[in-house]
Amino acid sequence: MRASRFHLATLKETPVDAEIVSHQLMLRAGMIRRHAAGVYSWLPLGLRVLRKVEQIVREEMDAAGALELLMPSFQPSELWQESGRWDQFGPELLRLKDRHQRDACIGPTHEEIITDIFRREVASYRQLPLNFYQIQTKFRDEIRPRFGVMRSREFIMKDAYSFDIDPQGMQRSYDIMDQAYVNIFDRFGLDYRAVSADSGAIGGSTSQEFHVLADSGEDAIAFSDESDFAANIETVEALPPAAERAAPTAPMETVDTPGMHTIEDLARGLGVSARQSLKTLIAEADDGNLVALVLRGDHELNVLKAERLDGVASPLRMAQREKIIELLGNDIGSLGPVGLNIPTFVDHAAAQLSDFVCGANQDEKHLLNANWGRDCEEPESVDIRNVVEGDPSPNGKGRLKILRGIEVGHIFQLGQKYSESMQATVLDEQGKTAFPYMGCYGIGVTRVVAAAIEQNHDDNGIIWPDTLAPFQLAICPINYHKSELVRQAADECYEQCRARGIDVFLDDRPLRPGVMFSDMELIGVPHRLVFSERGLAAQQFEYKGRRDESASDQPLDQLNDFLVQLFAMP
RNA sequence: CGGGGUGUAGCGCAGCCUGGUAGCGCAACUGCUUUGGGAGCAGUGGGUCGGGAGUUCGAAUCUCUCCACCCCGACCA
């Protein structure tokens, strides 16, 4: 592609309402433009990247035996009524009426449609297993779309659906997709992790998320440093401490703690460490009363775990301050388990403390050297906290490290949920009616593009992995329009690259070099060649990789070999 | 949905308080010069001041109303 024939739409200034780097850089590079909240056009540059992602996905899905099809984004309400999701789905489902006042929606996902296709097309177990997939636009009416294409309302997703006659078959289809996803993410050239998204993790995993690692990721993921355990932090069990609780060493005393209402206040004011104190949270009970959740001061409540406790309202609701004052007699900020007469759940780590600091259940007072069993009831401890870096891995092997990730893929087993509710049946070996077992496999195609940028950028712009780059190689001739020598060298190199199938970009704009360089860096082209009068006179060209500190001069007569080596071509 | 904020040229903003018919930087266009890291000079074009209604001799500016967008929260997973 020649710059003079392309729509290069780079922006010097950063649009003000783009919060995260990937959004800023995609706008500045001229990849996308916004039309409404969470709705974007993909300009030619952005589309080139999108297509690279799609192509890798398509090739690996095909290689795994999945069959591509294309389903509508407009979906009649009847199918959703059948599955029961017309009523279950919240306002995230964009509902509309057509001119005949018939209800419909814009598909946020396609289980209903694929199941409808399946039940009309497939009648026998002998046609199984089957795996259909599509790469298609979805719409989810997010309450608050943000971060550009990372959390948009309209987005492109690869979704695949497998059908098997029995659970074993479903597991096999799932395993094949698991491997296909590994192949896909390997080819993206991104640093990623496959992560268990299943809470119990009993037996084989039935749900995995694929996360691109990035500091800005919305999800925290926990990894074992000595085994391949990896899971979304929400689901990771915090093991009870192995050590015995130490015996009390000092009598309990009450101290005045004016103005100290948080763990940080206490740590500063009393000179105790957060991990020697207790944090007492009050949540709504399922009977309308209150329950206490007690954690070590430096730990964080895990909402999913708390919701599963007997007696705690689900979804979890933290109690209103007014209600706490009314029922417990004192304000938040000086609560503690000693003398607290509501049901109390104590985290394992909190229950292991002795001589701890906690609220005295009197305003502006705390207790020092409080002890379980002696000063209050011996607790039966539960797991209600998020794991932290350094905790033991739940599988007993190694310690946990915590990284942040962006969820870009999810595979899971649906079982018979849709085949049953929508009466999608086949005849089995005995000639009896059977409900197939389904699996469902998604990749957020547009999100992959943003995640790749979140993970790979610097002050100058995007740094694409070779496999996703809109162009693999940029040729920057200096004085292309003035120097016959430069023009010939650049054109010749350009034509050669094209003939070899390299995605090459020739910057033939009559611009100063600095402008060309910064544009090419902004849009993230991985490799750059420069031809100049000066260099050519010395029989040299210049090469710089996008991540290289500086450029290097290369002998002109070896340009061909250089390119062959760079792009690993025969 | 609650709270906060913003809408003025393609982008970033000033002007609004105190009403007098719109300005700056970047970008664009023309010409000349310049040409190895976002050039210089000279000139040019471009705005329903988010929409509507009102107050006023006169509204970007004051009032009411609607809309769009952004941020925080809640919701959703």
Side-chain angles (χ1 to χ4, degrees), chain A residues 7-20 23-24 27-30 33-40 43 85 88-94 108-109 138 140-148 151-153 197-199 207 209 211 218-220 232-235 302-304 307 314-318 320 406-407 410 412 440 442 444 447 459-461 474-483 485-487 490 507-523 528-538 540-544 546 548-553:
Chain A
H7 182 67
L8 198 61
T10 54
L11 261 35
K12 216 183 260 185
E13 282 174 283
T14 302
V16 73
D17 43 7
E19 274 189 284
I20 59 170
H23 190 196
Q24 293 171 354
L27 288 168
R28 285 193 51 210
R33 293 290 186 251
R34 193 183 65 86
H35 300 285
V39 177
Y40 293 85
L43 299 185
R85 291 208 293 182
Q88 282 168 20
F89 238 92
E92 207 175 68
L93 179 66
L94 181 64
T109 175
K138 308 270 187 249
R140 292 185 190 167
D141 201 357
E142 293 277 345
I143 292 185
R144 194 142 91 81
R146 60 189 126 172
F147 307 145
R151 181 177 294 253
S152 53
R153 294 196 293 171
D198 188 23
S199 46
S207 172
E209 293 169 350
H211 286 260
E218 286 191 280
D219 292 300
N232 194 309
I233 198 170
E234 290 182 334
T235 70
N302 180 304
V303 175
L304 291 179
E307 283 172 351
S314 178
L316 185 77
R317 290 190 309 275
M318 299 311 289
Q320 294 294 306
I406 300 164
E407 186 191 339
H410 198 168
F412 53 103
C440 166
R447 186 180 268 195
D459 290 346
N460 296 324
I475 299 173
C476 297
I478 293 169
N479 272 330
Y480 179 87
H481 61 300
K482 285 242 176 98
S483 163
L485 197 63
V486 167
R487 192 165 62 80
D507 200 340
D508 57 354
R509 298 174 297 175
L511 292 175
R512 305 167 70 83
V515 182
M516 291 193 283
F517 296 161
S518 47
D519 265 353
M520 292 306 102
E521 281 161 9
L522 175 58
I523 70 174
R528 185 187 82 192
L529 297 184
V530 175
F531 293 102
S532 68
E533 289 259 8
R534 198 179 69 196
L536 292 172
Q540 287 178 329
F541 68 95
E542 178 191 290
Y543 169 79
K544 182 173 178 298
R546 179 62 180 81
D548 295 345
E549 284 285 313
S550 55
S552 66
D553 289 323

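Naming: A, B, ... by sequence-line order, numbering from 1 per chain.
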Taking only N/O atoms, report every protein-nucleotides 5-11 of chain B pair under 3.5 Å with atom names and distance.
unit_1, atom_1, unit_2, atom_2, d
B/rC11, O2, A/Glu13, OE1, 3.2

Across all chains, not counting sequence neighbours, the side-chain contact (heavy atoms from CB on, under 4.5 Å) partners of A/Pro108 are A/Trp80, A/Phe89, A/Leu93, A/Arg140

Set of residues satisfying salt bridge (charged side-chain N to carboxylate O under 4.0 Å, His left out) with respect to A/Arg34, sequence neighbours excluded: none

With sequence neighbours excluded, what pairs up with A/Gln24 under the side-chain contact (heavy atoms from CB on, under 4.5 Å) test? A/Thr14, A/Ala18, A/Val21

Residues in salt bridge (charged side-chain N to carboxylate O under 4.0 Å, His left out) with A/Arg28, at least two apart? none

Donor-acceptor list for residues 512-522 of chain A side chains, cut-off 3.5 Å, not counting sequence neighbours:
unit_1, atom_1, unit_2, atom_2, d
A/Ser518, OG, A/Gly514, O, 2.8
A/Ser518, OG, A/Val515, O, 3.2
A/Asp519, OD1, A/Thr10, OG1, 2.9
A/Asp519, OD2, A/Arg509, NH1, 3.1
A/Asp519, OD2, A/Arg509, NH2, 3.0

Hits for salt bridge (charged side-chain N to carboxylate O under 4.0 Å, His left out) against A/Glu142, two or more places apart or cross-chain, chain-then-number order -> A/Arg151

Using a 4.0 Å cut-off on protein heavy atoms (strictly under), produce a 5'-to-3' string for nucleotides 40-50 of chain B with B for base contact, S for backbone-only sugar-phosphate contact, and - for none. -----------

Check whether any side-chain nitrogen or oxygen of A/Lys12 sits under 4.0 Å from OP1 or OP2 of B/rC26, and answer yes or no. no

Protein-to-nucleotide contact annotation, 5' to 3' order, nucleotides 72-77 of chain B [B base; S sugar-phosphate only; - none; under 4.0 Å, heavy atom]: B-BBS-

Residues in side chain to side chain donor-acceptor pair (under 3.5 Å) with A/Asp508, at least two apart? A/Arg2, A/Ser4

Paired with A/Tyr40, the side chain to side chain donor-acceptor pair (under 3.5 Å) test is passed by just one of A/Arg153, A/His23, A/Arg33, namely A/His23

Whole-Å P distance, B/rU18 and B/rG10: 31 Å

Partners of A/His35 by side chain to side chain donor-acceptor pair (under 3.5 Å), sequence neighbours excluded? A/Ser41

Between the protein and nucleotides 30-35 of chain B, which nitrogen or oxygen pairs come in under 3.5 angstrom?
unit_1, atom_1, unit_2, atom_2, d
B/rU34, O2, A/Arg512, NH1, 2.9
B/rU35, O2', A/Asn479, ND2, 2.8
B/rU35, O4, A/Lys482, NZ, 2.7

